[in-house]
Amino acid sequence: MDYGQIFMYGWGLNIVMFLVNLSIALNVIKSTDVTTMTKEHEILGELKLEIDKYYPNRGYETLLSYFIPFVAFYKVLWRLIEMMSFFSKNQNTRMFDFMVYRYQKEISVAKDNANSQNK
């Protein structure tokens, strides 16, 4: 197997994970009513703005991960495993609850890192 084939497999797996991400997003959108989704969007928007303070290039990093072979595959696979673990430990939760959990966790890690660098 040469490097070209390895890269093609990596990009193929990245595309598969992009489609998995897209299908999860569409299923969440289909299963949630508009008023609930609007309220949840506002809450997630505030959390995202706070994360953007600590990680201003986060969107570019995500986009770049889909162009580097295998990176998005492993990143999304790890997030899916984390998501399944969250749902198995927390019964009757939804995707919104997981997203709030992830945002709050990333914010607390970023705050801890900022505090440790300031000392």
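Taking the side chain as every heavy atom from C-beta outward, N27 and K30 approach each other to under 4.5 Å. Side-chain contact between R79 and R102 is present, with heavy atoms from C-beta onward closer than 4.5 Å. Between M83 and F87 there is a side-chain heavy-atom pair separated by less than 4.5 Å.
With sequence neighbours left out, S85 forms a side-chain contact (heavy atoms from CB on, under 4.5 Å) with K89.
Here the CZ atom belonging to F18 is positioned 10.5 Å from the OG atom belonging to S23, to the nearest 0.5 angstrom. One distance of note links CZ of F96 with OG1 of T32; it measures 10.5 Å at 0.5 Å rounding. Note: I51 CD1 to Q104 CD = 9.5 Å, rounded to the nearest 0.5 Å. To the nearest 0.5 Å, atom CD of residue E82 and atom CG of residue L77 are 11.5 Å apart.
A chain of hydrophobic side-chain contacts below 4.5 Å, direct or via other Ile, Leu, Val, Met, Phe, Trp or Tyr residues, connects M99 to I43. Note on L63 and L22: separate hydrophobic clusters, where clusters join Ile, Leu, Val, Met, Phe, Trp and Tyr whose side-chain heavy atoms are under 4.5 Å apart, directly or indirectly. Cluster membership for V20 and V71, using ILVMFWY side-chain heavy atoms within less than 4.5 angstrom, is not shared. Hydrophobic clustering keeps L47 apart from L49 (ILVMFWY residues linked when any side-chain heavy atoms are closer than 4.5 Å, directly or through intermediates). I24 and I29 are assigned to two separate hydrophobic clusters, defined by single-linkage of ILVMFWY side chains at heavy-atom distances under 4.5 Å.
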Please walk me through it: do Y9 and M1 pass side-chain contact (heavy atoms from CB on, under 4.5 Å)? CA-CA 11 Å; Y9 286 131; M1 187 179 311; 3.8 Å; yes

Apply side-chain hydrogen bond (donor to acceptor under 3.5 Å, both in side chains) to the pair D33 and T36, showing each step before the final yes or no. CA-CA 6 Å; D33 64 58; T36 304; 2.8 Å; yes

Evaluation steps, side-chain contact (heavy atoms from CB on, under 4.5 Å), between I6 and F70: CA-CA 9 Å; I6 294 170; F70 297 105; 3.8 Å; yes

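Atom OH of Y54 sits in a crowded spot, with more than 12 heavy atoms from other residues, nucleotides or ligands closer than 6.0 Å. Counting non-hydrogen atoms of neighbouring residues, nucleotides and ligands closer than 6.0 angstrom, the OH atom of Y55 exceeds 12 such neighbours. Surrounding CE of M37 are more than 12 heavy atoms belonging to other residues, nucleotides or ligands, all under 6.0 Å away.
No salt bridge links E50 with K53; every basic N to acidic carboxylate O contact stays at or beyond 4.0 Å. Of the charged side-chain nitrogens involved, none lies within less than 4.0 Å of a carboxylate oxygen, so that E61 and K75 do not count as a salt-bridged pair.
Residues W11 and F7 place their aromatic rings such that the two centres sit under 6.0 Å apart.
Counting only distance, with no hydrogens or angles, the side chain of E42 and the backbone of K39 share no donor-acceptor pair below 3.5 Å. In this structure, the side chain of N90 does not engage the main chain of T93 through any donor-acceptor pair within 3.5 Å.
Between Y66 and N21, the side chains place a donor N or O and an acceptor N or O closer than 3.5 Å (distance only, hydrogens not considered).
Ring-plane geometry between F98 and Y101 is classed as tilted, the angle between the planes lying from 30 to 60 degrees on a 0 to 90 degree scale.
Applying salt bridge (charged side-chain N to carboxylate O under 4.0 Å, His left out) to E106 and the options K111, K48, R58 leaves one that passes, R58.
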